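All remarks here apply to the structure that follows.
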There are 2 protein chains.
Amino acid sequence: MSNILIDMKQVGEIIREKREEKGWLLRHLAAELDIDQALLSKIERGERKATKEQIQKFASVLNLKKDELMLQYLSENIAYEIVEEKNASDILHVAEDKVEYLRKQDKRK
Amino acid sequence: MSNILIDMKQVGEIIREKREEKGWLLRHLAAELDIDQALLSKIERGERKATKEQIQKFASVLNLKKDELMLQYLSENIAYEIVEEKNASDILHVAEDKVEYLRKQDKRK
DNA sequence: ATTGATTTGTCTATATTTGTCCAATATACT
DNA sequence: AGTATATTGGACAAATATAGACAAATCAAT
C-alpha cells in the first residue's frame, strides 16, 4: 500500500510538522532525544541526517509509526545516494533482485 | 533489459573472473590500479568494498562496460544496506518514487 | 623443502559523519 | 523603538567509518 502524499514528504518535514502539532519547541524535543537543539533544527530542515537510533526515538516520542518513519528514512537515504545516476531505477531494481538472492543464500547457512 | 545471470554475480567475482581470463596475477592488476595486492584480494572476495573510482579503473583496465560494472557495484551496495530490513522491497520502491520526485524538484531551480 | 601466489590479521592514516558551542538572525510582544 | 524568546548558521571538536600498508601465515605446485 503506497501513499504518494506521505512518501514525498521528507523525514525532516514529518518531524517538524508533528512537533509543531504538539506545540513543542525545538529545545523540548531536542531534550527528549538528548541532542543539541541546533542539530535538531538541521535535521528538520534536511541539512543533516538523523541516525537510525534517532529515528526510532523520534517515532516513539512523537507517536509516529516506527516502521513507517524508518521506511521514509531509509528510502530517502537511498534516493539521495543515487539521484545523480542516470540509471537510478535500474540500480534499484537490480538491488531488489540482489536482496532476494542474498536472503536465499543466507538461509542455506 | 535485465540479466539475472550477471545480476547475481558479485562485483568481486566479476573482477576475479575477468582477471583470471586474462591470466593476470593479483599483483599485476593491483599495480595497474595502484593498490596493494592484499586489498585487491579482499575486494575480489567481497571482504572489502572498492571505491567508485576503482570501479571505473577496473572497467577500463579489464575491458568491462563501465556502466554495467557500476550498476552492479551500486546495486550491490544498496542491497547490503537494506538486506536486514524486513520490508526491503518497499524501501526500494519508495526510493524510486523519491528519486523521480527529487529530479522534478531539481529541474525547477 | 623451496618458490611464488594469495590470504589473513593488524595497525595507521584519512575521510566522513555526528555533535556542541556560541554568535547571528528572526519572530513576537509591549 | 526595545526586549525576550526561538531558531538558524558556522566553526570547531569528537567520534566513527573507511581505505591503505605491511608483515606474517597459508596455500599450491614442483
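Note that the structure is predicted; figures quoted are calculated from it, not measured. So you know, we letter chains A, B, ... as the sequences are listed, proteins then strands, and number each from 1. Heavy atoms only: backbone and side chains are in, while hydrogens, waters and symmetry mates are out.
Ion pair A/Lys52/B/Glu85 flagged as a salt bridge, since at least one NZ, NE, NH1 or NH2 atom sits closer than 4.0 Å to an Asp/Glu carboxylate oxygen.
Atom CG in B/Leu33 sits about 13 Å away from atom C1' in D/dG20, given to the nearest Å. One interatomic measurement links the two molecules: CD of B/Glu53 to C1' of D/dA19, which rounds to 12 Å at whole-angstrom precision. In this structure, B/Glu47 places its CD atom 9 Å from C1' of C/dG9, rounding to the nearest Å. The distance between atom OH of B/Tyr80 and atom C1' of D/dT18, rounded to the nearest whole Å, is 17 Å. Look at CG on A/Leu40: it is 11 Å from P on C/dG19, rounded to the nearest Å. One can place CD1 of B/Ile55 at 15 Å from C1' of D/dT18, the figure rounded to the nearest angstrom. What separates CD of A/Glu44 from C1' of D/dA6 is a distance of 12 Å, to the nearest Å. Following rounding to the nearest Å, B/Glu20 (CD) and C/dA5 (P) show an atom-to-atom distance of 14 Å.
Counting only distance, with no hydrogens or angles, the side chain of A/Arg45 and the backbone of A/Ser41 share a donor-acceptor pair below 3.5 Å. A donor-acceptor pair under 3.5 Å links the side-chain atoms of B/Tyr73 to the main chain of B/Ala50, judged by distance alone.
Base engagement by B/Gln37 is indicated by at least one non-hydrogen atom pair under 4.0 Å involving a base atom. Across all strands, A/Leu39 comes closer than 4.0 Å to base atoms (heavy-atom distances). Residue contacts shown for B/Arg27 are limited to sugar-phosphate atoms, with no base heavy atom under 4.0 Å away.
Look at A/Gln54 and you'll find a side-chain N or O under 4.0 angstrom from OP1 or OP2 of C/dG19. Residue A/Ser41 has a polar side-chain atom (N or O) positioned under 4.0 Å from OP1 or OP2 of D/dT8. For the OP1/OP2 pair of C/dT8 and a distance below 4.0 Å, the side-chain nitrogens and oxygens of B/Arg45 include at least one atom meeting the criterion. Look at A/Arg16 and you won't find any side-chain N or O under 4.0 angstrom from OP1 or OP2 of D/dA6.
A donor and an acceptor atom, one from each side chain of A/Tyr80 and A/Glu76, are nowhere located under 3.5 Å apart.
Between A/Ile15 and A/Gln10, every side-chain heavy-atom pair lies at or beyond the 4.5 Å cut-off.
Nearest nucleotide to the A/Arg19 side chain, out of D/dG9, D/dA21, D/dT7: D/dT7. Each of C/dT18, C/dC21, D/dC22 was ranked by its minimum atom distance to the side chain of B/Asp36; first place goes to D/dC22. Of the candidate nucleotides C/dT18, C/dT20, C/dT6, C/dT6 has the atom nearest to the side chain of B/Leu25. Side chain of B/Arg48, nearest nucleotide from C/dG19, D/dG9, D/dA19: D/dA19.
At most 12 heavy atoms of other shown residues, nucleotides or ligands fall within 6.0 angstrom of atom CD in B/Glu84.
For A/Lys42 and C/dG19, a side-chain-to-base donor-acceptor distance below 3.5 Å is absent, hydrogens and geometry of angles not being considered.
If you find the closest nucleotide of DNA chain C to A/Ile43 and to B/Leu26, the one lying nearer the 5' end belongs to B/Leu26.
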